[in-house]
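I have placed the structure first, in the form of structure tokens, so that the comments after it can refer back to it.
So you know, we letter chains A, B, ... as the sequences are listed, proteins then strands, and number each from 1. What you see below is based on every heavy atom in this structure, not just the backbone, and it leaves out hydrogens, waters and symmetry mates.
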Protein chains: 2
Amino acid sequence: MARRVDHSPDELKAMILDSAEELVVAGGVSELSARKVAQKIGYAPGTIYNLYANIDALILTLNGRTLERLHDHLSKTRLDDVREFGAVNRNLEKLLIGYLNFIDGNRSLWRLLFDHMPANEEDLPEWYDQRVSMLLSVIDQALRPLFSGIDSKELRRLSVTLWASLHGIISLADKKKLNVVINQSSYEVCSLLITTFLNGLKGHKNFRGTAK
Amino acid sequence: MARRVDHSPDELKAMILDSAEELVVAGGVSELSARKVAQKIGYAPGTIYNLYANIDALILTLNGRTLERLHDHLSKTRLDDVREFGAVNRNLEKLLIGYLNFIDGNRSLWRLLFDHMPANEEDLPEWYDQRVSMLLSVIDQALRPLFSGIDSKELRRLSVTLWASLHGIISLADKKKLNVVINQSSYEVCSLLITTFLNGLKGHKNFRGTAK
DNA sequence: TTGAATTTTGAACGGTGTTCATTATTTTGA
DNA sequence: TCAAAATAATGAACACCGTTCAAAATTCAA
């Protein structure tokens, strides 16, 4: 058996990726396996390993795409012009709702993105970090109007803090390790965090007064 | 083969649990398997299933114990008497440090506790929720001095919000999906969240003035 | 046309969770 | 005392998993 000319390497790589995604979307993370992907594209299991070093490498590529889609999704959020403090809160709520909608429509891919732990403990590739960074820049934009003369690193520090906090609430709720204790949706808890966090930022040295 | 009289069912159940923990502690979550546990206690794999319905049930029991230990560990934190606002912040920092120390000394068990997703999507048993609740009550105690006449449900709502947020920061950092973007330890990010969150609570309707 | 390069295979290895008929032992009852 | 019932433990079997790699099939270059 050899070059079947059916597909170029790049095509094949894309087919594998698409099939992997279809499996995850259709049946959850546990449905993803090399053998199932191979069967889906009509190749032998070994072929997968000619194009991806291992399953984790395939998942990493898939997660990169999910990250990109999430960014595109959030970027579409129309943020209001900020004339007063409350507008920042409303903008962040819009982003939150966008995020929750994305999760609703892509639950399995989202779980794969954040819960999967690669067996190999190496650092993530640079392109991956860049996509995470793009995501965080969306929050940067929403927070920036609150400050004047703030260092971009300091702004990012705040965005990361808020982002990771919201992520914690949503992912604990998703794992049902939160819902039972408090009879509230993750939206409400996130909303409370946003409001409290923003209010707390009033103590920040670069915080700008209310108007314009 | 039959009743070897070596161990009573309860003893055997405890041996299985202890062996499972040893495996996780020694080699991480991926080292835990029915066959390895069986080998460790000198029984056949099938025996495990006479005492635990499946591996997830075993993990749930183990996680319950970890939860209990975490609670015991945090309970030992000596909280300062609160005479002013800053004392609450210091107390929460103490709890944070206690939590981070616990993770440092029990990383694999902690990962099993929060990252493991049981295959069966049923709700967690009541005793499990109770232990989570006990954990949250520790945070309740630290936050309570800030308020007067606050409903216990409302206080718990705030504790959950803070707890889940801190968890998000720490778990993202643990998965290395945070460290690369921001060059800071999870301690520092958590610390920032605590300070900002507490500052934000000043807007709460039950917030009590600074003194006493 | 022939030899080198490339692509694909699929069996094999060592694992996994789980089941359950069978067997060995102990306990019970007459 | 002895057979029958209850119990405890087994381990082979089933259906999976990720991964490897010698071998085979095909294409390309000379």
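- Heavy-atom neighbours of A/M134 CE from other residues, nucleotides or ligands within 6.0 Å: at or below the threshold of 12.
- Residue A/E11 contributes atom CD, which lies 15 Å from atom C1' of C/dT7 at whole-angstrom precision.
- Here C/dT6 presents its P atom at 23 Å from OH of A/Y49, a figure rounded to the nearest Å.
- Contacts of A/N54 with the nucleic acid, taken as non-hydrogen atoms under 4.0 Å apart, involve only primed sugar atoms and P, OP1 or OP2.
- Side-chain polar atoms of B/W163 and B/Y99 form no donor-acceptor pair below 3.5 angstrom.
- Per the geometry, CG belonging to B/L32 stands 14 Å off C1' belonging to C/dG15, to the nearest Å.
- Between A/S30 and A/A53, the residue anchored nearer the 5' end of DNA chain D, judged by the nucleotide with its closest heavy atom, is A/S30.
- In this structure, A/L12 reaches the sugar-phosphate backbone alone: every heavy-atom distance under 4.0 Å involves primed, P, OP1 or OP2 atoms, never a base.
- A donor-acceptor contact under 3.5 Å is not formed by the side chain of B/R35 with the base of C/dG15.
- When heavy atoms are screened at a 4.0 angstrom cut-off, B/L58 is found touching no nucleic acid atom at all.
- If you take CG of A/L51 and P of C/dT6, they are 15 Å apart, rounded to a whole angstrom.
- When rounded to the nearest whole Å, the span between OH of B/Y52 and P of C/dG17 equals 15 Å.
- Between A/L172 and B/F114, some side-chain heavy-atom pair lies under the 4.5 Å cut-off.
- Residue A/E122 qualifies as open at atom CD: its count of foreign heavy atoms under 6.0 Å is 12 or below.
- With rounding to whole Å, A/I48 atom CD1 is found 14 Å from C/dG10 atom C1'.
- Here D/dA25 sits opposite C/dT6 as a Watson-Crick or G-U wobble pair (both hydrogen-bonding atom distances under 3.5 Å).
- A close approach under 4.0 Å does occur between a side-chain nitrogen or oxygen of A/T47 and OP1 or OP2 of C/dT9.
- Checking C/dG17, D/dC17, D/dA9 against every side-chain atom of A/K36, the shortest atom distance belongs to D/dC17.
- Toward the 5′ end of DNA chain D lies the nearest nucleotide of B/A44, the other residue of the pair B/A44 and A/E31 mapping further downstream.
- When heavy atoms are screened at a 4.0 angstrom cut-off, A/S33 is found touching the sugar-phosphate backbone but no base atom.
- Across the protein-nucleic acid pair, A/N50 atom CG and D/dT19 atom C1' stand 12 Å apart, rounded to whole Å.
- Atom CD of A/E154 is surrounded by more than 12 heavy atoms from other residues, nucleotides or ligands within 6.0 Å.
- Across the protein-nucleic acid pair, B/I41 atom CD1 and D/dG11 atom P stand 13 Å apart, rounded to whole Å.
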